[in-house]
J.: 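Just dropping this structure here.
Worth saying up front: this structure is predicted, and the values here are computed from it rather than measured.
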Amino acid sequence: MGEFEIIARYFTRPVHRGDVLLGIGDDAAVLDIAPGHKLVVAMDTIVEGVHFLPGTSAADIGYRALAVNLSDLAAMGAKPAWMTLSVSLPEADEGWLEGFSAGLFELAQRHAVALVGGDTVRGPRVVTVQVAGWVEADGWLSRAGACPGDLLMLSGVPGEAAGGLAAMQQRLEGEAAARLQQRFLRPVPRIALGRLLRGIASAAMDVSDGVLADLRKLCAASACAAYVDVDALPRSTALETLFPPDACLRHALAGGDDYELLFTVPASRLAALEAALAAVPAAAASSAGETLPQVRRIGVMCAGQGVQCLRQGQPFELPSSGDQRRQDDRPQGGYDHFAAP
Ligand code: ADP
Ligand code: MG
């Protein structure tokens, strides 16, 4: 099967968006942007052996390649619209392409994202998705903007994805392991939540490297510090079934791949946040079959720099895991592809 057959068979789907003036098949795509909106663009690459374990199903890889990008748009308060796709493959494996495109388009259809172009080459298995969307001209969210006194909020249950990865690596079985694995393999981009946070959150980002590592980035961008109340973190029954308390806490604070939203809200807008969350379920369900995650207050922003955890009101340091295989386990770091081993 040749390159053009691959594109035609697996990546060319009917487009139902009026803003795609020219899609796959020409030299470039031509897209329409509604007046009063800004274009928001993100890109993520996933590499076999780095971002997914060898043996991960092609459908899970396709889903994930888009999900991590949609999560970035969610963090900006944007509504996704289009994507481009670069695939490098060692061979034209039809079974793999079938699964990959099924996983990719399953999520794309849920959010009405059109694939408008890309590139297909032979090489090591690497997938890059670029996603673009729009946000109202004055409505985008960013990591900068948190102020001392703002409440620190987190969606979802932190650590479940990291627990899922650990469960896969340790070949754990059973219901809890399956649930956590699903959280790792099929993260749910929080588009509806991101849209809802426009005009409410003072800063936002998605959690890909772990709560503490990503919170440090938000603090740096906002030029302030944060306290995290460890006792306020949502707890996962599935995690607690499989791992000892120390490991649960480490997954929750330092585990990556949850793709939940971490954001700050001025105390004066807390009521508005609660009202918006309460109003949403019906509307969100109709848009992308997306139910809103739980949102919890996990700390507070303050003057200064860096992140301090508190447990029962006392300063608390996350104990090291003693496991250097995955950098995400390091409480201080977050994943750095070029960090010295
Ligand atoms: P060019 O040589 O002009 O760069 P290509 O021959 O690489 O174009 O691609 C032909 C068309 O197919 C283009 O519209 C391109 O965007 C699209 N395309 C190529 N690979 C993919 C892919 N993996 N997914 C979606 N569209 C693709
Ligand atoms: Mg060309």
J.: What are the two closest non-hydrogen atoms of Leu193 and Pro293, and how far apart are they?
T.: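 For Leu193 versus Pro293, the nearest heavy atoms are CD2-CG, 4.1 Å.
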J.: Is there a side-chain contact between Val127 and Ser86, using heavy atoms and a 4.5 Å cut-off?
T.: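 With C-beta onward as the side chain, the pair stays apart.
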J.: Treating Ile, Leu, Val, Met, Phe, Trp and Tyr as nodes and any side-chain heavy-atom pair under 4.5 angstrom as an edge, say whether Val157 and Leu154 lie in one connected cluster.
T.: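 Cluster IDs for Val157 and Leu154 differ.
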J.: Go through the steps for Leu85 and Phe100 under the test side chain to side chain contact (heavy atoms under 4.5 Å, CB included), then give the verdict.
T.: CA-CA 12 Å; Leu85 166 70; Phe100 174 81; 4.0 Å; yes
J.: Under 3.5 Å, is there a donor-acceptor pair between the side chain of Ser155 and the main chain of Leu261?
T.: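 Side chain of Ser155 to backbone of Leu261, a donor-acceptor pair under 3.5 Å: yes, one is there.
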J.: With a 4.5 Å limit on heavy-atom distance, are the side chains of Val131 and Val41 in contact?
T.: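 Of all side-chain heavy-atom pairs linking Val41 with Val131, none is under 4.5 Å.
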J.: In the single-linkage hydrophobic clustering (I, L, V, M, F, W, Y; side-chain heavy atoms under 4.5 Å), do Leu31 and Ile33 co-cluster?
T.: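 Leu31 clusters together with Ile33.
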J.: How long is the straight-line distance from CH2 of Trp140 back to CG of Leu73, given to the nearest 0.5 Å?
T.: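 Atom-to-atom, Leu73:CG and Trp140:CH2 are 14.5 Å apart.
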J.: Show, in sequence, the C-alpha distance, side-chain angles and deciding distance for Ile200 and Phe263, and conclude whether the side chain to side chain contact (heavy atoms under 4.5 Å, CB included) test is met.
T.: CA-CA 10 Å; Ile200 294 178; Phe263 59 98; over 6 Å; no
J.: Given salt bridge (Lys or Arg N to Asp or Glu O under 4.0 Å), test Glu98 with Arg9 step by step and report yes or no.
T.: CA-CA 9 Å; Glu98 188 71 51; Arg9 192 179 303 173; over 6 Å; no
J.: Just verifying a value: how many Å separate Leu273 CG and Leu197 CG, rounded to the nearest 0.5 Å?
T.: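 The CG atom of Leu273 sits 6.5 Å away from the CG atom of Leu197.
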J.: Answer yes or no: is there a side-chain heavy-atom contact under 4.5 Å between Glu274 and Leu270?
T.: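 A side-chain contact under 4.5 Å exists here.
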J.: If only atom types and distance count, is the side chain of Asp257 paired as donor or acceptor with the main-chain N or O of Ala162 below 3.5 Å?
T.: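 Not at all, since once roles are kept as given, no pair shorter than 3.5 Å links the two residues.
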J.: Before giving the answer on side chain to side chain contact (heavy atoms under 4.5 Å, CB included), spell out for Met83 and Leu66 the whole-Å C-alpha distance, their side-chain angles and the decisive distance to 0.1 Å.
T.: CA-CA 8 Å; Met83 62 174 166; Leu66 178 56; 3.8 Å; yes
J.: Can any side-chain N or O of Arg269 pair as donor or acceptor with the backbone N or O of Pro266 at less than 3.5 Å?
T.: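 No: the side chain of Arg269 does not pair with the backbone of Pro266.
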J.: Counting C-beta onward and ignoring hydrogens, is there a side-chain heavy-atom pair between Pro80 and Ile191 closer than 4.5 Å?
T.: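 Answer yes - side chains close enough.
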J.: Could you check whether any side-chain heavy atom of Leu318 comes within less than 4.5 Å of a side-chain heavy atom of Arg250, counting everything from C-beta outward?
T.: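 With C-beta onward as the side chain, the pair touches.
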J.: What residue pairs, at least two apart or across chains, pass salt bridge (charged side-chain N to carboxylate O under 4.0 Å, His left out) with a residue in residues 149-168?
T.: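 Passing the test, one end in residues 149-168: Glu160-Arg179, Glu160-Arg183.
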J.: Test your reading of the model: is there a side-chain donor-acceptor pair from Asn69 to the backbone of Gln130, 3.5 Å cut-off?
T.: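 A pair under 3.5 Å: no.
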J.: Between His51 and Ile46, which heavy-atom pair has the shortest distance, and what is it?
T.: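 Closest pair (atom of His51, atom of Ile46, distance): ND1-CA, 3.5 Å.
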J.: Donor-acceptor pair, distance only, cut-off 3.5 Å: does the side chain of Asp26 make one with the backbone of Leu22?
T.: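 Looks like no, no N/O pair under 3.5 Å.
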J.: Let me check something: do Leu151 and Leu277 share a hydrophobic cluster, defined by ILVMFWY side-chain heavy atoms less than 4.5 Å apart, either directly or through other members?
T.: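 Yes.
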J.: Measure the shortest side-chain to side-chain distance between Glu136 and Lys38 over non-hydrogen atoms and say whether it is less than 4.5 angstrom.
T.: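 Side chain of Glu136 against side chain of Lys38, heavy atoms only: no contact under 4.5 Å found.
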J.: Could you state the interatomic distance from CE (Met1) to CD (Glu94), rounded to the nearest 0.5 Å?
T.: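 Rounded to the nearest 0.5 Å, the CE-CD separation comes out at 4.0 Å.
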J.: Donor-acceptor pair, distance only, cut-off 3.5 Å: does the side chain of Ser222 make one with the backbone of Arg143?
T.: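 Pair found, side chain donor or acceptor close to backbone of Arg143.
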J.: Against the six-membered ring of Phe184, is Arg64 placed for a cation-pi contact (under 6.0 Å from the centre, within 45° of the normal)?
T.: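 Yes, Arg64 sits over the ring of Phe184.
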J.: Any donor-acceptor pair under 3.5 Å linking the side chain of Ser142 with the backbone of Ala144?
T.: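 It does hold such a pair.
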J.: Looking at Thr241 and Thr237, would you say the former's side chain and the latter's main chain have a donor-acceptor pair under 3.5 Å?
T.: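 Yes, the answer is positive, given that a donor and an acceptor are paired below the 3.5 Å cut-off.
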J.: Under 3.5 Å, side chain of Thr12 to main-chain N/O of Ile7, donor-acceptor pair present?
T.: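 Side chain of Thr12 to backbone of Ile7, a donor-acceptor pair under 3.5 Å: yes, one is there.
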J.: Does atom CD of Gln294 have more than 12 heavy-atom neighbours from other groups under 6.0 Å away?
T.: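 Enclosed.
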J.: Quick check for you: to the nearest 0.5 Å, what is the distance between Arg13 atom CZ and Phe11 atom CZ?
T.: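 CZ of Phe11 is found 9.0 Å from CZ of Arg13.
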J.: Establish, for the pair Arg190 and Tyr259, whether the NZ or CZ atom is under 6.0 angstrom from the six-membered ring centre and no further than 45 degrees off its axis.
T.: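 Negative - Arg190 is either too far from the ring of Tyr259 or too far off its axis.
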J.: Kindly indicate whether the side chain of Leu218, heavy atoms from C-beta on, has any atom under 4.5 Å from the side chain of Met301.
T.: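 Yes, side chains in contact.
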J.: Would you say Leu239 ends up clustered with Val228 if hydrophobic residues are merged whenever their side chains have heavy atoms under 4.5 Å apart, either directly or through other cluster members?
T.: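 Result: no, two separate clusters.
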J.: In terms of heavy-atom contacts, does CZ of Phe316 have more than 12 from other residues, nucleotides or ligands at under 6.0 Å?
T.: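 Result for CZ/Phe316: enclosed.
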J.: Do you know which two heavy atoms are closest between Gly306 and Cys219, and how far apart they sit?
T.: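 Between these two residues, the closest heavy atoms are O-SG, 4.0 Å.
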J.: Between Glu317 and Arg311, is there a side-chain N and carboxylate O pair less than 4.0 Å apart?
T.: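 Salt bridge flag = no for Arg311 with Glu317.
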J.: So, Trp82 and Asp19: side-chain donor and acceptor under 3.5 Å apart, yes or no?
T.: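 Short answer, yes.
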J.: Determine the minimum heavy-atom distance between Pro187 and Asp258, stating which atoms define it.
T.: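 Reported closest heavy-atom pair: CB-O, 4.3 Å.
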J.: Walk me through it: do Leu212 and Cys309 pass the test side chain to side chain contact (heavy atoms under 4.5 Å, CB included)?
T.: CA-CA 9 Å; Leu212 292 186; Cys309 292; 3.8 Å; yes
J.: Which pair of non-hydrogen atoms, one from Ala226 and one from Leu152, has the smallest distance, and what is that distance?
T.: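 Closest heavy-atom pair between Ala226 and Leu152: CB-CD2, 4.5 Å.
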J.: Looking only at atom types and distance, does a side-chain atom of Arg297 sit under 3.5 Å from a main-chain N or O of Met153, one as donor and one as acceptor?
T.: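 Checking the backbone N and O of Met153 against the side chain of Arg297, no donor-acceptor pair under 3.5 Å is found.
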J.: Could you grab the distance from atom CG of Leu165 to atom CG of Leu180, nearest 0.5 Å is fine?
T.: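 Leu165 atom CG to Leu180 atom CG measures 11.0 Å (nearest 0.5 Å).
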J.: Which distance, rounded to the nearest 0.5 Å, do you find between the CG of Asp206 and the CG of Leu262?
T.: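 With rounding to 0.5 Å, CG (Asp206) is 9.5 Å from CG (Leu262).
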J.: Does any part of the side chain of His251, heavy atoms only, come nearer than 4.5 Å to the side chain of Phe243, both counted from C-beta?
T.: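 Of all side-chain heavy-atom pairs linking His251 with Phe243, at least one is under 4.5 Å.
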J.: Nearest heavy-atom pair of Ala203 and Ala146: which atoms, and what distance?
T.: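 Here Ala203 and Ala146 meet closest at CB-N, 3.7 Å.
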J.: Which donor-acceptor pairs under 3.5 Å do side chains of residues 113-125 form with protein atoms, sequence neighbours excluded?
T.:
| residue | atom | partner | partner atom | Å |
| --- | --- | --- | --- | --- |
| Arg122 | NH1 | Pro90 | O | 3.0 |

J.: Is it the case that one hydrophobic cluster holds both Leu89 and Val129, taking links as side-chain heavy atoms less than 4.5 Å apart, direct or via other members?
T.: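 Yes.
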J.: Please determine whether the number of non-hydrogen atoms from other residues, nucleotides or ligands lying under 6.0 Å from atom CD of Glu91 exceeds 12.
T.: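 Counting other residues, nucleotides and ligands, CD of Glu91 exceeds 12 neighbours.
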